[in-house]
Amino acid sequence: MFRPKVPTNPTPTGLVTPSAVEPTVPVQHTPPPAPVAPSATRPAVQLTPGTAVALVGGGTAVVLVVGTVLVSMLLAVAISGVSVAVCAVVLRSLLASERTHR
């Protein structure tokens, strides 16, 4: 039933030869194994309203902490960029005034 059917290919002379027919062998199906009872050493996880609130609160706290860290890193980069820009303007001003005074 699940064996592929190979088509008969024509020979160069144009004659079609049928493929050999294989005898079918009856397949013996084994019954599925009996279900195994869950082990007593690993209890099932039960989600109560209290644990659901705790999970939501914990997830919210994680999102807030990660967001705070990312925003603070972005702010640190922005402040560093502004300070470098201010230093560049001050140095340019000093160098320009030094050239004009000589």
Side-chain angles (χ1 to χ4, degrees):
M1 181 174 161
F2 292 107
R3 292 185 183 165
K5 303 280 191 231
V6 180
T8 57
N9 294 326
T11 60
T13 60
L15 298 174
V16 178
T17 57
S19 62
V21 178
E22 296 180 17
T24 59
V25 179
V27 178
Q28 295 179 357
H29 295 286
T30 58
V36 180
S39 176
T41 59
R42 185 174 175 188
V45 176
Q46 295 181 357
L47 191 62
T48 61
T51 56
V53 170
L55 285 174
V56 169
T60 304
V62 167
V63 167
L64 289 176
V65 167
V66 169
T68 303
V69 168
L70 290 176
V71 168
S72 64
M73 290 172 63
L74 180 64
L75 188 61
V77 169
I79 291 172
S80 299
V82 169
S83 65
V84 167
V86 168
C87 289
V89 169
V90 168
L91 284 175
R92 182 178 174 193
S93 167
L94 288 173
L95 290 174
S97 66
E98 189 175 292
R99 279 189 229 142
T100 58
H101 287 285
R102 285 189 176 186

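FYI, the numbering just counts along the sequence from 1. Since the structure is predicted, the reported quantities are computational estimates derived from the model, not experimental observations. No hydrogens, no waters, no symmetry mates; every other heavy atom, side chains included, goes into these values.
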TODO: Show which residues join Val82 in its hydrophobic cluster (side-chain heavy-atom contacts under 4.5 Å, direct or indirect), or state none.
DONE: Val86, Val90, Leu94
TODO: Examine distances only and state if a side-chain atom of Ser93 and a backbone atom of Val89 form a donor-acceptor pair shorter than 3.5 Å.
DONE: no
Atom pairs and distances, donor-acceptor, side-chain atoms in residues 69-80, under 3.5 Å, two or more places apart:
{"from": "Ser72", "atom 1": "OG", "to": "Thr68", "atom 2": "O", "distance (Å)": "3.1"}
{"from": "Ser72", "atom 1": "OG", "to": "Val69", "atom 2": "O", "distance (Å)": "2.7"}
{"from": "Ser80", "atom 1": "OG", "to": "Ala76", "atom 2": "O", "distance (Å)": "2.9"}

